[in-house]
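Only one structure is covered here, and it is reproduced in the block below.
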Amino acid sequence: MNKFFKYNAAVALSMLMLASCAEDKGNYEYSDKEIITISGIPEQISVLANAENIVITPTITSNLRGEIGNNHSDFEFSCQRKEDNKWVEMCSDPQTKDINMLADISAKQHTCRYVVTDKATGVRTSFLFYINATTITSEGWILLCNEESTNNVRVDMLSHISMDRILPAYNVVKFSEEVPTLQGPRSINFVSSVRAWGNKIIMTSDTDAYLIPCEGNHYGFGAIKPVTGAEELKISLFLTTPEDHIVKCASVPMTGAQNHSAILAISKEGNAFAWDHTAAGTGFEYPINTSTRGGDIEYKVAPFVGTSRDRYYNLQSYGIALLYDTDNKRFIAWDAENDNNGSVKQKCYPMSNPENMKFDVTNTGMDLVNIVNTLSNALCIMQDGNKRHIYSINVLTKDFTHDGYYEDIQAEHFNDATLFEASCQYPVIYYAYQNKVYSYNYATGENKIAVELPTNEEVTMIKINRYDEAYAGAWWLTYYMSAEEQAEFTARENELIVASYNSTATEDNGGSLRFYKTTSPGVDLTLKEGWEYSGFAKIVDLVYKEVRR
């Protein structure tokens with residue numbers, strides 16, 4: 001009976017369902033879920049803060065209603081940025097889809113979102129993007145210049161607004177009344193650090209050295225601020241009060257992710273100083289051209305530092321640098337291996353000849369003309385009477401092995417040149433004489449004129465600007481860029497930058513800047529299309545003001 005009952009119940013239920021289907025007149029509807037898509041907004045927008053407009057023209061599409069335009073009765077639009085972990089409205093009209101508003105925001109990278117809200121359901125659809133708000137002095141190449149008419153220091157800039165917007169700017173650093181007139185510009189350095197003291201920009205001259213202060217945090221988006229008396233280098237970064245005039249600074253890298261091993265500074269008087277960059281509360285101490293910390297000065301050094309231009313991966317866990325004793329005509333070593341209390345960083349020691357000795361570093365009997373650095377070697381140009389030699393010394397380890405010895409360089413005007421630079425890709429040294437830049441492959445001996453400028457121009461600087469970012473250099477600076485932007489930005493640090501001055505110019509504006517691409521084997525230089533800028537004062541040095549994104 002039980003089985004019979006179940007069978008009949010199933011038959012009855014089936015007949016009832018069939019009857020229901022027969023009565024189906026189609027008076028029902030399917031409710032598809034609406035999907036809103038936002039497109040047409042770049043992931044990165046670059047804009048000059050308080051000078052340009054933020055322009056956003058998104059395409060908003062509904063899978064049910066098609067494209068949604070301005071003043072749609074069913075939707076509201078908003079653009080917001082994150083401030084103090086809260087979303088803040090950037091525009092005031094919720095009916096306007098397109099945005100065109102002044103970038104009234106601080107100079108930094110802002111996390112933003114564009115939001116479309118369905119007024120009937122309250123459902124919100126958002127698109128996340130970033131606004132890089134910069135100023136004319138937020139990022140780019142800082143140019144240390146000489147005003148020809150007065151020999152005064154002037155700072156110009158080639159500003160990086162975005163990857164495709166590079167603009168010249170003039171006289172961008174203002175000095176307060178308590179800063180004496182600086183004369184005889186010598187060098188400019190960007191020192192990267194994520195420590196509490198942040199990045200530093202150091203400019204030196206024959207008279208004084210100063211920091212160039214910037215707004216913002218260590219990410220570096222901030223604009224350059226006026227220089228005051230407090231930025232004098234010996235006041236701000238020295239623990240002692242030497243009478244020296246600092247003319248050269250150099251970062252000594254290591255594998256540390258936050259900072260370099262040290263910053264070395266050399267004075268016009270021939271003394272060297274070290275700022276231990278691995279510990280808080282440190283600064284430049286007494287001269288390090290001594291065998292004991294804080295001891296008497298034992299010799300004078302040349303204003304050059306040999307050290308690696310690589311960053312992070314191929315380096316030791318301690319810094320390594322090479323100096324030259326001008327009194328005793330010998331090389332001096334500095335390294336910070338096993339330095340637990342900071343003492344090692346505050347002294348140097350005479351180098352000894354390695355096993356694979358190719359030249360004598362203990363008594364060269366020669367003057368040092370210059371040191372130009374590659375990723376692994378310091379190329380030391382030595383003056384031997386009327387001859388010049390190149391000593392190549394490895395600076396990746398404290399062994400300071402001899403990489404090569406190139407005797408009596410027979411290259412056109414090599415003995416006359418005062419401006420030198422080394423490729424980090426090829427065994428090539430570039431040097432300048434009058435209106436020409438020459439290339440010399442020291443491995444093959446090939447020599448040629450790589451750049452020839454008009455006869456009324458004189459080359460005043462040649463430089464390959466390697467990024468100073470302590471954590472992996474260009475790789476970290478480009479981490480959030482697109483692949484195309486990464487390639488372009490990284491390629492810049494292997495280009496030769498040539499500065500020149502037009503002798504017929506008036507009003508101290510005859511300076512020009514040109515960028516040249518290098519190709520294998522490195523002796524040929526090609527002018528980068530569109531990368532010629534003019535109107536600067538006489539450029540003697542440059543450095544890139546870096547921004548972490």
Distance-only donor-acceptor check, side chains [X] and [Y], under 3.5 Å:
X	Y	value
N363	D360	no
S176	E178	yes
D384	H389	yes
T397	Q316	no
N502	T504	yes
Y349	D335	yes
N151	Q183	no
Q410	D408	yes
Y431	N447	yes
D310	S308	no
S149	D508	yes
S343	Q346	no
N271	D244	yes

Roughly how far, to the nearest 0.5 Å, is the [atom2] atom of [Y] from the [atom1] atom of [X]?
X	Y	atom1	atom2	result
Q486	T478	CD	OG1	4.0 Å
N456	S503	CG	OG	5.5 Å
D367	K329	CG	NZ	3.5 Å
Y210	I202	OH	CD1	14.0 Å
S439	L525	OG	CG	6.0 Å
N189	D541	CG	CG	7.0 Å

Tell me if the aromatic rings of [X] and [Y] count as close, with their centers under 6.0 Å from one another.
X	Y	answer
W141	F190	no
F400	F331	no
F489	Y544	yes
W275	H260	no
F420	Y440	no

Flag the pair [X] and [Y] as a salt bridge only when some basic side-chain nitrogen lies within less than 4.0 angstrom of an acidic carboxylate oxygen.
X	Y	value
K538	E147	no
D206	R186	yes
E421	R309	yes
E215	K225	no
D468	R311	yes
D208	K234	no
E285	K347	no

Going by the angle between their ring planes, with limits at 30° and 60°, are [X] and [Y] parallel, tilted or perpendicular?
X	Y	answer
F359	Y405	tilted
Y471	Y312	perpendicular
W476	Y479	tilted

Residue pair [X] / [Y]: nearest heavy atoms and the distance that separates them:
X	Y	value
E493	I464	O-CG2, 3.1 Å
S192	N199	CA-OD1, 3.6 Å
V227	P213	CG2-CD, 3.8 Å

Check against side chain to side chain donor-acceptor pair (under 3.5 Å), R466 and N373: CA-CA 11 Å; R466 303 287 300 187; N373 296 309; over 6 Å; no
Tell me whether [X] contacts the main-chain N or O of [Y] through its side chain, where contact means a donor paired with an acceptor under 3.5 Å.
X	Y	answer
Y430	S423	no
E507	N509	no
K174	N171	yes
S261	G319	yes

Considering only heavy atoms from C-beta outward, does the side chain of P354 approach that of H402 to under 4.5 Å?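 Yes, side chains in contact.
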Between N152 and T181, is the side chain to side chain donor-acceptor pair (under 3.5 Å) condition met? List the steps. CA-CA 7 Å; N152 289 347; T181 300; 5.3 Å; no
Under the side chain to side chain donor-acceptor pair (under 3.5 Å) rule, what do T278 and D276 come out as? Steps first, then yes or no, please. CA-CA 6 Å; T278 63; D276 181 356; 2.7 Å; yes
Evaluate the side chain to side chain donor-acceptor pair (under 3.5 Å) criterion for residues S500 and E458: first the C-alpha distance (whole Å), next the side-chain angles of each, then the deciding distance (0.1 Å), finally the verdict. CA-CA 5 Å; S500 64; E458 178 186 4; over 6 Å; no
Verdict with supporting geometry, T364 and Y324, side chain to side chain contact (heavy atoms under 4.5 Å, CB included): CA-CA 10 Å; T364 70; Y324 192 71; 2.5 Å; yes
Worked check of ring-ring contact (aromatic ring centres under 6.0 Å, His included) between Y438 and Y433: CA-CA 8 Å; Y438 297 82; Y433 180 71; 7.3 Å; no
Any cation-pi pair here, R330 with Y299, using under 6.0 Å and within 45°? yes
